[in-house]
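In what follows, a structure is listed as structure tokens, so that the remarks can point back to it.
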Amino acid sequence: WIAGQEARGDNYLIRLRTQLEGIDKRAGKQITYVVPSSIAVYNLRKEVLAGHVPGVAKQSELFRDPIGHPTTATANLVTYVWYTAMYRESPVGLQAPVDKNDPNSAAREKILQQIAWNAVIGEPKSGVKGTPAKVGG
């Protein structure tokens, strides 16, 4: 999906980045940023399909209802994305909200942190640079 979006000439993200670069150019410095929470959620869904997210067997388990309200895992992922974008540092290794009643909780939070980091550093307009984390590693 993302590769297809990037390849199309009418891609929203390409048009958005172009518009923001124009604003930055007029300002004489970078004043605009993109926080790629949708990319992170998309990548989480891919990891679920691959069976890499502990305690999440199906993509539908990432949402509370059919219209996409997030479960805790999805909300935590988006929080890690915003943390990374705002503080310009990796969330990997942050103390996470671990559910002591869920034996998969700690491992899942680590993967969410890794996915968030990779999404933010992969977005050219995030303003954050770094080395990608190995998801699950």
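To the nearest 0.5 Å, atom CG of residue L13 and atom OG of residue S38 are 6.5 Å apart. With values rounded to the nearest 0.5 angstrom, D24 atom CG is found 13.0 Å from R17 atom CZ. With rounding to the nearest 0.5 angstrom, the CZ atom of R108 is 12.0 Å from the CG atom of L77.
Following chains of ILVMFWY side-chain contacts shorter than 4.5 Å, one can reach V92 starting from V81, so the two form part of one hydrophobic cluster. Taking hydrophobic clusters as Ile, Leu, Val, Met, Phe, Trp and Tyr residues chained together by side-chain heavy-atom distances below 4.5 Å, V53 shares a cluster with L94. Grouping the Ile, Leu, Val, Met, Phe, Trp and Tyr side chains by contacts below 4.5 angstrom, directly or via other members, places L20 with I31. In this structure, L16 is a member of the same hydrophobic cluster as I23, with clusters built from ILVMFWY side-chain heavy atoms closer than 4.5 Å. When hydrophobic clusters are built by joining Ile, Leu, Val, Met, Phe, Trp and Tyr residues whose side-chain heavy atoms come closer than 4.5 Å, directly or via intermediates, V120 is grouped together with M86.
Although no hydrogens or angles enter the test, the distance criterion places no donor-acceptor pair under 3.5 Å between the side chain of Q59 and the main chain of V48. Under a 3.5 Å cut-off, the side chain of T74 and the backbone N or O of L62 do form a donor-acceptor pair. A donor-acceptor contact shorter than 3.5 Å is absent between the side chain of R64 and the backbone of T71. With hydrogens and angles ignored, the 3.5 Å screen pairs no side-chain donor or acceptor of S105 with any backbone N or O of D102. Remark: side-chain polar atoms of Q30 are paired, donor with acceptor, to backbone N or O of T32 under 3.5 angstrom. Side-chain N or O atoms of N118 include none that pairs as donor or acceptor with a backbone N or O of P132 at under 3.5 Å.
Counting only residues at least two apart or in different chains, ring pair (Phe, Tyr, Trp, His ring centres under 6.0 Å) contacts with residues 61-107 comprise Y83-Y87. Sorted by first and then second residue, the ring pair (Phe, Tyr, Trp, His ring centres under 6.0 Å) pairs involving residues 105-135 (not counting sequence neighbours) form an empty list.
The two atoms that bring E123 and P36 nearest to each other are CB-CG, 3.9 Å, heavy atoms only. Q114 and G136 get closest at one heavy-atom pair: OE1-N, 2.7 Å. Here the closest non-hydrogen pair linking Q113 and G93 is OE1-N, 3.0 Å. The two atoms that bring T131 and I121 nearest to each other are C-CD1, 3.6 Å, heavy atoms only.
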Can you check salt bridge (Lys or Arg N to Asp or Glu O under 4.0 Å) on E21 and K125, steps first, answer last?
CA-CA 9 Å; E21 287 165 4; K125 286 293 295 170; 5.6 Å; no
Criterion side-chain contact (heavy atoms from CB on, under 4.5 Å) on V135 and H52, from CA distance to verdict:
CA-CA 9 Å; V135 176; H52 298 158; 5.6 Å; no
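The shortest distance between side-chain heavy atoms of P70 and V78 does not fall below 4.5 Å.
Scanning for side chain to side chain contact (heavy atoms under 4.5 Å, CB included) contacts around K58 gives S60, E61, with sequence neighbours left out.
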